[in-house]
Number of protein chains: 2
Amino acid sequence: MAITATPEPGGDASDQTPWLTPDEKDAWTGLVSLVLLLPGRLEAPLQQAAGLTLFEYLTLSHMSEAPERRLRMSELAYLANGSLSRLSNVVKRFEQRGWVERFPDPVDGRYTIAALTDTGYGVVVAAAPTHVRSVRQFVLDPLSAADQRALTRIAAKLRVRPSDLSQGMTGPQ
Amino acid sequence: MAITATPEPGGDASDQTPWLTPDEKDAWTGLVSLVLLLPGRLEAPLQQAAGLTLFEYLTLSHMSEAPERRLRMSELAYLANGSLSRLSNVVKRFEQRGWVERFPDPVDGRYTIAALTDTGYGVVVAAAPTHVRSVRQFVLDPLSAADQRALTRIAAKLRVRPSDLSQGMTGPQ
DNA sequence: CGCGAAGGCTTCATGCGTGAAGTCATGCGT
DNA sequence: ACGCATGACTTCACGCATGAAGCCTTCGCG
C-alpha cells in the first residue's frame, strides 16, 4: 500500500517510527477501503430515489424517531455523526423545502430545536425502504452473524468522542 | 437510529420491506459512525503536518511503492479507492506543484502514466511517519489482535466487486 | 444590576468531489 | 482504408463540507 510496511530508503536507522506489520497493514488497508468506498455505494440509491445524502437521511431519520419528532441541533449533530456547522447547513436547506422547522428552545434560548414537519416525515418514510435495502445488500448480507457482532464491537472501540480527541490518550483495551 | 428497526406508523402491514433487527441495527450504526467519522479524524494530522488529504496521501504513497514510482492513472485510481475523475483532479494539482509528471503510456497511448518526481517522493517520505502514527492511535492501538483479524476479514467481504457496479479497473489485489 | 465569559449555533469564503459531457487513441468490422 | 465503438482519461459546472469568525443567549461574579 504505502510507506507503511517497510522503512523506505531515505529514512535511516535513527528513525523512531514503528512501521506497520503485514497484518496491521491488511487491517488498515481494509478499513481505508471501507471508509473511502462505502459512502458512495450507500448513497447512490438514496440519491437516486430520494435525492438525499446519507448524512441527510440520518438527520431526518433521527428526528423522526425522537419524542415529538424534534431534537436540539447539537444532539442531532452528534447522533448523525456530523459537525454542527454541517448540520446547520443541511437543516437550513430542509427548512427551505418545508421539511423542518427551527426555533429556539423555550427551556434555554441558547439551544435551537429542529422539528420535523409532516412533509418531512413523509420524506423519511418514503426513503426508508430504499435505505434498508441497500444496507442489507452492501453490508449485512455479505456478513455472517459473527462478523456482524465483531463489526459492532470494533466500531464501538474506534468511535471516539470529540472531547477525547484533544489529548493524545491511551484508550481502554 | 432511524426508521430501520420498527415498522413506523404510516407503513401498514402490506409493507414488504424486512426491517433491521436490533443486532443488525447496531452493526449498521457502528459502521456508519466509522465511515462518517474516521476520515476526518485520520486526515486532521496529515492536513496539519503536510497539507494532504487522506486520498492524496494514498495516491502519492502508492506511486512511491510502484516500480519506477509510476502507475497508470486507472490503476492508481483503483488502488487509492477513488474515481478516475477525482484522481485526475488530484494529480493535476500535484503536477502544478511539481510532485508528479504525466505523459501518455508509450505502450498504449490511451493510458496516462503518472510518475512521482523526487520532490514528490520527498513529500511522501516526510508525511509517512505522521500518517503511521495516527493510524496506530486511532485504529490499531484500540483493537486487539483478534479485532484486527476480524476487521481484515470483514473489509474483504464488504469490498465491492467492481463488476457489479461498473468501474474500470486492472488486476485485483 | 452589569459586565464578561462560555457555549450553542450560524454564516461565509474557499476548496474539493461528483457526474455528465467532451477529447483522444486504439481496435474491430466491413 | 474508413468509420464506428470502446475505453481512458479530462474538463466543467454545480453543490456540498470545512473551519474560522461572528452573533446571541445565559450564567457567574463582583
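All heavy atoms count here, side chains included; hydrogens, waters and symmetry mates do not. This structure is a prediction, so every number in the text was calculated from the model and none was measured.
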Give the rounded distance in Å between these two atoms: [atom1] of [X] and [atom2] of [N].
X: A/Arg41; N: C/dG19; atom1: CZ; atom2: P; result: 11 Å
X: B/Asn81; N: C/dG17; atom1: CG; atom2: P; result: 14 Å
X: A/Glu95; N: C/dT10; atom1: CD; atom2: C1'; result: 12 Å
X: A/Glu56; N: D/dC16; atom1: CD; atom2: C1'; result: 9 Å
X: A/Leu36; N: C/dT18; atom1: CG; atom2: P; result: 10 Å
X: B/Tyr57; N: C/dC16; atom1: OH; atom2: P; result: 20 Å
X: A/Gln48; N: C/dG19; atom1: CD; atom2: C1'; result: 13 Å
X: A/Asp108; N: C/dC9; atom1: CG; atom2: C1'; result: 12 Å

Worksheet item: Will you find, in the side chains of B/Asp147 and B/Ser144, an N or O donor that is under 3.5 Å from an N or O acceptor?
Response: yes
How long is the span from the [atom1] atom in [X] to the [atom2] atom in [Y], to the nearest 0.5 Å?
X: A/Leu34; Y: B/Leu38; atom1: CG; atom2: CG; value: 10.0 Å
X: A/Arg149; Y: A/Leu143; atom1: CZ; atom2: CG; value: 11.5 Å
X: B/Asp23; Y: B/Lys25; atom1: CG; atom2: NZ; value: 11.5 Å

With side chains defined as the heavy atoms from C-beta onward, is the minimum distance between [X] and [Y] less than 4.5 Å?
X: A/Leu58; Y: B/Leu36; answer: yes
X: B/Glu56; Y: B/Phe94; answer: yes
X: A/Thr59; Y: A/Trp99; answer: no

Item to complete: Please determine if a side-chain N or O atom of A/Arg86 lies less than 4.0 Å away from the OP1 or OP2 oxygen of C/dT10.
Response: no
Practice prompt. Could you give me the stems involving DNA chain C, meaning stretches of three or more consecutive Watson-Crick or G-U wobble pairs whose two defining distances are both below 3.5 Å?
Written response: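 When the pairs of DNA chain C are grouped into runs of at least three, the stems are C:1-30 with D:1-30.
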Worksheet entry | Residues, nucleotides or ligands: over 12 heavy atoms within 6.0 Å of A/Asp118 CG |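 Result for CG/A/Asp118: open.
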Discussion item. Counting only heavy atoms from other residues, nucleotides and ligands, does the tally under 6.0 Å from CD of B/Glu95 exceed 12?
Written reply: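 Counting other residues, nucleotides and ligands, CD of B/Glu95 exceeds 12 neighbours.
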Enumerate the protein-to-nucleotides 9-14 of chain D contacts in which both atoms are nitrogen or oxygen and the separation is below 3.5 Å.
unit_1 : atom_1 : unit_2   : atom_2 : d
D/dC9  : OP1    : B/Thr112 : N      : 2.5
D/dC9  : OP1    : B/Thr112 : O      : 3.4
D/dC9  : OP2    : B/Ser74  : N      : 2.7
D/dC9  : OP2    : B/Ser74  : OG     : 2.3
D/dC9  : O3'    : B/Thr112 : OG1    : 3.4
D/dT10 : OP1    : B/Arg102 : NH1    : 3.2
D/dT10 : OP2    : B/Ser88  : OG     : 3.1
D/dT10 : OP2    : B/Arg102 : NH1    : 3.2
D/dT11 : O4     : B/Ser85  : OG     : 3.3

